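Read the structure below first, then the notes.
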Amino acid sequence: MFDLDRWQEIYHVLSANKLRTFLTAFGVFWGIFMLVIMLGSGNGLQRGVTQNFGDMATNSVFIWTQQTTIPYKGFPRGRRYNFDNDDIVALHNTVPEIKYLAPRLQAGGYMQTNNVIRGLKSGIFTIMGDYPVYNKIDPLNFIKGRFINDLDIREKRKVAVIGTRVVDFLFKKDENPINQYIQVQGVYFQVIGVFQSKRTGEQANQENQNIYLPFTTLQQTYNYGNAVGFFSITAKDDIPVSVVEEKAIRLLKQRHSVAPADDPAVGHFNLKKEFDQMQGLFFGIRLLVWIVGTGTLMAGVIGVSNIMLVVVKERTKEIGIQRALGATPWKVISQIIMESVVMTTFSGYFGLVVGVGLLELINFLLGSTGAGTEMFVHPGIDFSVAITALSILVVCGVIAGLIPARRAVSVKPIDALRYE
Amino acid sequence: MKILEMIRINQIHKSYITGQNSLHVLKGIDLQINAGEMISIMGASGSGKSTLLNILGILDTYDSGEYILDGLLINKLSERKAAQLRNRMLGFVFQSFNLVSFKNAMENVALPLYYQNIPRKKRNIVAMEYLDRMGLKDWAHHLPNELSGGQKQRVAIARALIGKPKVILADEPTGALDSTTSMEVMDILQEVNASGITVIIVTHEHDIALRTKKTIRITDGNITEVVEN
Ligand SMILES: Nc1ncnc2c1ncn2[C@@H]1O[C@H](COP(=O)(O)OP(=O)(O)OP(=O)(O)O)[C@@H](O)[C@H]1O
Ligand SMILES: [Mg+2]
């Protein structure tokens, strides 16, 4: 198989004009390099953005109340209203497609003044009232202790689950926050758990500043009566969340005397829709990358084909001699195709290696500086993509060599021999 | 002993078409050459000598007539078949040597065996034998541009012989050589012929033609004279 004469000839052809070979090879190198870099960056972006969702169930919808815009059943427009505890039962009863239903309530909203105090330290944090099920919709990483449980809800215990940033603000470095007390808007709560967000970047920072109290405790302690701030709902696995969204909104409108056509009265956010849109965006990016990347690669391959044409022309006489001595057309064709494949594969492989190397370097730098980790996480390409790219190169090499090779044997041997 | 017919051509015509002009070069050539003959072809420049030799060498095609090489009709062959015939039956010696520039003398000589897929080691051994016969053993690893004209032509002859051809076709083999070297090359070609191989030489020089057994004169695309030397 290892035919020294072939390699000798390939070496002769490629080294005859080194600058030309280099420039041609560079075209292919650049094509593959760009493809790898763009694919890798696209992947990094996708990983980064996807991680922003943490482990959040994407098949979810959020529903909250807003002002009505249509007068209905004797109520004027512009009315404010609240969801309430009875809605929880009604939703469970009327919408069987619900997997998890988490009623939520935020205390005080975004406050300008310090709302949480411990000893001499204080800070501004987001105070949420939650049911245990919320941790199933948007799971948290527990470093210490636990999330709110059913007993907390039933007994309206004054307990709190706090994020790592809250700990940083209110506790000394080696202090264990568990079982300690913090003062939340004037009321003491005992810390039962410390969590860390599963998201990345700024989103993680936000979540780590949250304090979760039992929903019922928050309702009672801060006089919310039986009001519910908003619902976070997940659909059963094989059901699109839009079905749940629609049914739940219809029910809630009915229960709170909101006109069926009054869409602005009920705020809602379908995470699934956002997520799908984003997946579509990434699909688009990948498609674009492949189109641009293979385009660049094609330009390189066409360059190889052109140079091979020139080489074949220059070597017309030599090929004529070979044919006079008994080289069959196949021998000539396969030789030229091999030269072309060697050129594309070597330069392409080099582009692949340099591209992956650069991605790894970026990875390393991202890791060591911690910069930009929100939008860009572990850029890189799959092994299968690399193999695909290499196969494409071999095929391209064959295609690039085909036309020059055919041209080499299309003339009569005597015309090749006579060529000056 | 029965005389074997090696080459027979009947009424061969050949025209070159360049643009709208057609140049009728061979105008019905008849020729019969037996195995083991040594023949020279002479004629004025442009008379069609090379054209005839190239057709005999299956390097070119003819328009009409018949060419039979060792009993095989040579007409409209596939290029693959033609390449195989050139490789097995024919050996070429050119005026400009036509050695492959990036291969050394030994590799050049071995080239026809390469196209027979004979392993490199084996064909190099055979090539060394042929170089030795040409007195060029010491030059085996030199590239063509390190050889003199006479040495190059001897390498070319060794290359033409290595495939054990039945016919050697030489188009002005001494055209680029001085008279002493020319005579050395003719000595070799006579030896080749003595070993039983048919030799056909195109030449301008009388003393070269005189060293062949028969001279064919071509004038304006026709054979006008055949002289036994
Ligand atoms: N490929 C070609 N295309 C067109 N005309 C050609 C071609 N080859 C040869 N001719 C013409 O055919 C004629 C015969 O050419 P050929 O080479 O056979 O002559 P020759 O007898 O070998 O001459 P010389 O002694 O100069 O080598 C010449 O007029 C030449 O110009
Ligand atoms: Mg001539």
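Predicted model, so just to flag it, every value in this text is computed and none were measured. Residue numbers begin at 1 in each chain, while the letters A, B, ... track the order of the sequences.
Neither the backbone nor the side chain of B:S78 comes within less than 4.5 Å of any heavy atom in chain A. Proximity to chain A is absent for every atom of B:Q116, based on heavy atoms less than 4.5 angstrom apart. Interface residue B:F102: backbone and side-chain heavy atoms are both found under 4.5 Å from chain A. If you measure heavy-atom distances from B:L99 to chain A, the contacts under 4.5 Å come from the backbone alone. Only the side chain of B:R159 comes within less than 4.5 Å of a heavy atom of chain A; its backbone N, CA, C and O stay farther away.
Within 6.0 Å of the OH atom in B:Y16, the count of heavy atoms belonging to other residues, nucleotides or ligands exceeds 12. For CZ of A:F275, the number of neighbouring non-hydrogen atoms (other residues, nucleotides, ligands) closer than 6.0 Å is greater than 12. Surrounding CZ of A:F282 are more than 12 heavy atoms belonging to other residues, nucleotides or ligands, all under 6.0 Å away.
Looking at heavy atoms from C-beta onward, A:R323 lies out of side-chain contact with B:N87 at the 4.5 angstrom threshold. Under the 4.5 Å side-chain criterion, counting only non-hydrogen atoms from C-beta, A:L325 is in contact with B:Y115. In this structure, A:K317 and B:S101 have side chains that are not in contact, with every pair of non-hydrogen atoms separated by 4.5 Å or more. With a 4.5 Å cut-off on side-chain heavy atoms, B:R80 and A:W330 do not count as touching.
The NZ atom of B:K121 sits 12.0 Å away from atom CG of A:L4, with the distance rounded to the nearest 0.5 Å. Going from atom CG of A:D5 over to atom CZ of B:R120 covers 5.0 Å, rounded to the nearest 0.5 Å.
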A:R418 vs B:N54, side-chain contact (heavy atoms from CB on, under 4.5 Å): CA-CA, chis, key distance, verdict:
CA-CA 11 Å; A:R418 281 234 193 87; B:N54 293 332; 3.6 Å; yes

Would you sort out whether B:Y114 and A:Q322 count as a side-chain contact (heavy atoms from CB on, under 4.5 Å), showing the intermediate values?
CA-CA 10 Å; B:Y114 171 60; A:Q322 296 181 348; over 6 Å; no

As a quick check of understanding, evaluate side-chain contact (heavy atoms from CB on, under 4.5 Å) for B:V100 and A:E318, giving each step before the final call.
CA-CA 6 Å; B:V100 177; A:E318 211 165 270; 4.2 Å; yes

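Minimum interatomic distance between B:A83 and A:A327 (heavy atoms only, all atoms of both residues): CB-O, 3.6 Å.
Interface remark: of the candidates B:L59, B:I58, B:D60, B:L59 forms the most heavy-atom pairs closer than 4.5 Å to chain A.
Applying the salt bridge (Lys or Arg N to Asp or Glu O under 4.0 Å) definition to pairs two or more places apart or across chains, those involving residues 338-347 of chain A are A:R315-A:E339.
With hydrogens and angles disregarded, no donor-acceptor distance shorter than 3.5 Å links the side chain of B:N98 to the backbone of A:I321.
Contacts from residues 400-414 of chain A to chain B, taken as heavy-atom pairs separated by less than 4.5 Å, involve A:K412, A:P413, A:I414 in sequence order.
Between B:K103 and A:E9 there is no salt bridge, since no side-chain N of the basic residue sits under 4.0 Å from a carboxylate O of the acidic one.
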